[in-house]
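Report on the structure given below.
Chain A is the first sequence line, chain B the second, and so forth, proteins listed ahead of strands; every chain is numbered from 1.
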Amino acid sequence: ILNVEQSPQSLHVQEGDSTNFTCSFPSSNFYALHWYRWETAKSPEALFVMTLNGDEKKKGRISATLNTKEGYSYLYIKGSQPEDSATYLCACLDNYGQNFVFGPGTRLSVLP
Amino acid sequence: DSGVTQTPKHLITATGQRVTLRCSPRSGDLSVYWYQQSLDQGLQFLIQYYNGEERAKGNILERFSAQQFPDLHSELNLSSLELGDSALYFCASSVVPTGPNYGYTFGSGTRLTVV
């Protein structure tokens, strides 16, 4: 069973700070990784779809990188804003799986 | 609004009872997935359907069952409910069965409380 880990579990930053967090997964048989943003009382929303080693994706102030050889992805937020407060989930798919396995998430709180 | 509709939003029921959760996928999506999120746990995959057929099964209890109907909506049936079944149940949909390039569209979830 694919094991997806995320760190840290939670994070508090001040408005304007840049921050990053990690998603770790087994590097063997990697197929795809997706990042989701989940605001309280809403549904998770897809942020990035990443499949190739070295992939870098960007959406506004949020970007992500992927290293499939060492089994990790970083999510970066530049100049955090209170509206960035959410739980950030990564989900991985291996060559054998027919469903994405989600990590436990990193809960980000941006303080004004 | 993501386009995935889940009903009801909240449900409170007693132990031993049976409930049905309903999901209508986003228009055009053929695959439906059910996930459970219990307290302090990540999203746990339960089951997947594609165009009416069961495609993959995760850690779904025998007391739970699901189906996808010809109009592509799906229902998750939970029976002989226990306190530990209290959780947020999410439905997600996608155009094709799980694939590397297609993210899921999630509904807003059904919060089930068993008392």
Heavy-atom check, side chain of B/Tyr89 versus side chain of B/Asp85, under 4.5 Å | yes

Tell me, for B/Gln37 versus chain A, whether the close heavy atoms (under 4.5 Å) come from the side chain, the backbone, both or neither.
-> side chain

Per-residue tally against chain B (heavy atom, under 4.5 Å) across A/Ser43, A/Ala91, A/Pro104, A/Gly103 peaks at A/Ser43

Side-chain donor-acceptor pair under 3.5 Å between A/Glu5 and A/Asn3, yes or no?
-> yes

Taking the side chain as every heavy atom from C-beta outward, state whether A/Trp35 and A/Ser73 have any atom pair closer than 4.5 Å.
-> yes

Quick one: what part of A/Tyr36 sits under 4.5 Å from any heavy atom of chain B, side chain, backbone, both or neither?
-> side chain

Determine, stepwise, if the pair B/Leu78 / B/Leu21 fulfils side chain to side chain contact (heavy atoms under 4.5 Å, CB included).
-> CA-CA 8 Å; B/Leu78 315 175; B/Leu21 312 184; 4.2 Å; yes

Under 4.5 Å from any heavy atom of chain B - which part of A/Leu89 = side chain

Examine whether an atom of B/Tyr35 lies under 4.5 Å from a heavy atom of chain A, and if so say whether it belongs to the side chain, the backbone or both; otherwise answer neither.
-> side chain

Test: A/Arg37 and A/Glu39 ion pair at under 4.0 Å = yes

